[in-house]
Amino acid sequence: MIVFGIESSCDETAAAVVKDQKDVLSSVVSSQIDTHKQFGGVVPEVASRLHVENISTVIDQAITDSGLAWDDIDLISVTQGPGLIGCLHVGVQAAKTLSLLTGKPLVGVNHLAGHIYANKLDTDLKFPLLALLVSGGNSELIYMKDETSFEILGETQDDAIGEAYDKVARVLDLGYPGGPKIDRLAKQGQPIYKLPRPKAPGEYNFSFSGLKSGVLQFVKRMERENKEWKVEDLAASFQETALEEIFTKVRKAIENHPDLKQMIVGGGVSANSRLREKVAELAKRYPNMEFNVPPMSCCTDNAAMIAIAGEIAWSHGRRADQTLCADSSLDLDF
Ligand code: KG4
């Protein structure tokens, strides 16, 4: 099956053509980061307008790069949600128009399912599996007994981990997006500063807002007391505490679910080098399980993962028509 995917849930306008959930025939991502940088984060209204400006060009480029014609496409798949509502509307409207013009069937998919299925680009999924979703909008630990069942074991009670990276980067004047910058700085520092350990209710839930405030208070205290401190060490301390919040819960989930065959990671923060090291450490500790982090190009938002999600949804009977509507808080289920 050859699927044309469209993604516009946040600040990337993307389109891709994927064959049989594996072969990426084309993948075009137009990032708005340079525009949002000047505001220190994504401005939803600006993001929607940029999607409107870019989406036709991105779609055109994706079909040209694939070397195929519209006649060769079997299905059009689009991110229905969750995400920024104005942004989602642009992708959904474009997909509906394409479907109308080409006569090709349409399916709307969940953005988070896309991040999970992105792992199919370099591995086969083995169930039951544990999925860790870590992005700018989500932090979730999900148990999947099969391809279409998503049992949320835990989730963030406040900020998403990527949001915490971005907010801490703002406090440290590092610019947007903060994740890659903190990642780089942390490599040159040591986690020597004591920051508040997050406390979230429940066995597998996360919390990051106390840690984020802890970084701000640390900086203020150092300034007030006129003490020297190193931004590299603070970046390393924040990163280590934030990732330990995640990995403590991951280890608990693995211990409590001995049937797990695999753990996969998805979302923008899965590009983080220390997170990748920690996944490699888990792989050594649990040799009976497989561990996978998607290729760097598929960690952040892209449309190849939406095309894959579309084929899976389609094969399980999901259908959409011209009444398809964007849903900013779409649930992760089938
Ligand atoms: O999945 P994504 O592209 O967008 C959504 O949130 O859906 O994720 C973007 C997030 C941003 O918060 C960014 O700071 C974070 O991913 N990020 C990272 C790294 N690269 C991107 N966080 C930590 N380390 C990184 N290397």
Side-chain angles (χ1 to χ4, degrees), residues 7-14 27 29-34 36-37 39-42 44 47 51 79-85 87-88 91 109-119 131-140 155-156 159-172 174-189 206 208-209 211-212 215 235-236 238-247 264-279 293-306 309 328-330 332:
E7 155 65 32
S8 70
S9 65
C10 190
D11 60 344
E12 263 97 26
T13 319
S27 180
V29 180
S30 165
S31 172
Q32 306 175 356
I33 282 180
D34 284 343
H36 296 294
K37 250 181 196 164
F39 304 110
V42 178
H51 284 307
T79 303
Q80 185 184 3
L84 300 170
I85 190 67
C87 298
L88 290 165
V109 300
N110 188 297
H111 178 78
L112 302 179
H115 275 305
I116 291 174
Y117 299 139
N119 284 270
L132 171 66
L133 280 185
V134 276
S135 73
N138 295 275
S139 305
E140 271 157 354
E155 58 197 340
T156 183
D159 293 344
I161 183 167
E163 193 180 349
Y165 266 94
D166 294 336
K167 287 178 176 168
V168 164
R170 207 177 305 167
V171 169
L172 302 179
L174 301 175
Y176 175 84
K181 298 194 166 100
I182 292 182
D183 190 0
R184 257 195 311 276
L185 276 178
K187 279 190 200 145
Q188 299 150 30
F206 312 120
F208 298 102
S209 80
L211 172 59
K212 170 198 71 192
V215 172
F238 160 75
Q239 174 157 285
E240 210 50 43
T241 315
L243 292 179
E244 244 333 270
E245 166 71 348
I246 299 260
F247 280 82
I264 58 169
V265 189
V269 183
S270 54
N272 183 272
S273 57
R274 182 70 185 121
L275 178 142
R276 287 172 171 257
E277 274 174 23
K278 281 181 166 280
V279 173
V293 185
M296 290 296 262
S297 59
C298 287
C299 288
T300 44
D301 290 349
N302 65 88
M305 67 184 198
I306 299 306
S328 61
S329 50
L330 186 70
L332 183 57

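Owing to the predicted nature of the structure, the values given are computational and were not obtained by experimental measurement. Order of appearance sets the numbers: ligands from 1, and atoms from 1 within every ligand.
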Atom indices of ligand 1, in the order listed, that fall short of 4.0 Å to a heavy atom of Thr300: 3 (O)
For Gly137, take its heavy atoms, then give the atoms of ligand 1 lying under 4.0 Å from any of them. 6 (O)
Shortest non-hydrogen separation from Cys10 to Cys87 and the atoms involved: O-SG, 3.6 Å
Among non-hydrogen protein atoms, atom 18 (C) of ligand 1 lies closest to Gly179 CA, 3.5 Å
Is Asp166 touching ligand 1 with its side chain, its backbone, both, or neither, if touching means heavy atoms under 4.0 Å apart? side chain
What protein heavy atom lies closest to atom 15 (C) of ligand 1? Include the residue and the distance to one decimal. Val269 CG2, 3.9 Å
If you have a sec, work out which protein heavy atom is nearest atom 6 (O) of ligand 1 and how many Å separate them, to one decimal? Gly136 N, 2.7 Å
Centroid-to-centroid, Phe208 to Tyr165, below 6.0 Å? no
Among Pro44, Ser328, Ser329, which residue satisfies the side chain to side chain contact (heavy atoms under 4.5 Å, CB included) criterion with Ile85? Ser328
Any salt bridge (Lys or Arg N to Asp or Glu O under 4.0 Å) involving residues 267-279? Give me the pairs, sequence neighbours left out, ordered by first then second residue. Glu240-Arg274, Glu240-Lys278, Glu244-Lys278, Arg274-Glu277, Arg274-Glu281
Kindly determine whether Ile161 and Leu243 satisfy side chain to side chain contact (heavy atoms under 4.5 Å, CB included), including the steps that lead there. CA-CA 9 Å; Ile161 183 167; Leu243 292 179; 4.1 Å; yes
What do you reckon, does Ser273 have a nitrogen or oxygen under 3.5 Å from a nitrogen or oxygen of ligand 1? no
Can you tell me which residue and heavy atom of the protein come closest to atom 26 (N) of ligand 1, and the distance to 0.1 Å? Asp183 OD2, 3.0 Å
When rounded to the nearest 0.5 Å, the distance separating SG of Cys299 from CG of Leu275 is 9.0 Å
Would you mind listing which atoms of ligand 1 come within a distance below 4.0 Å of any non-hydrogen atom of Gly162? 12 (O)
I'd like to know whether ligand 1 has Cys10 as a neighbour, heavy-atom separation below 4.0 Å. no
What do we get for Asn272 next to ligand 1 when only non-hydrogen atoms under 4.0 Å count, side chain, backbone, both or neither? both
Could a heavy atom of His115 be found less than 4.0 Å from some atom of ligand 1? yes
Nearest 0.5 Å, what's the CD1-CG distance between Ile246 and Leu132? 5.5 Å
Listed partners of His51 passing ring-ring contact (aromatic ring centres under 6.0 Å, His included), at least two apart: none
Ligand 1 to Gly267 polar contact by distance, N or O atoms, under 3.5 Å: no
Closest to atom 3 (O) of ligand 1 among protein heavy atoms sits Asp301 N, 3.3 Å
Are side-chain N/O atoms of Glu7 and Ser9 paired as donor and acceptor at under 3.5 Å? yes
min-distance protein heavy atom vs atom 21 (C) of ligand 1 -> Gly268 O, 3.4 Å
Does His111 come within less than 4.0 Å of ligand 1, judged by its heavy atoms? yes
What's the spacing between Leu172 CG and Lys181 NZ if we round to 0.5 Å? 12.0 Å
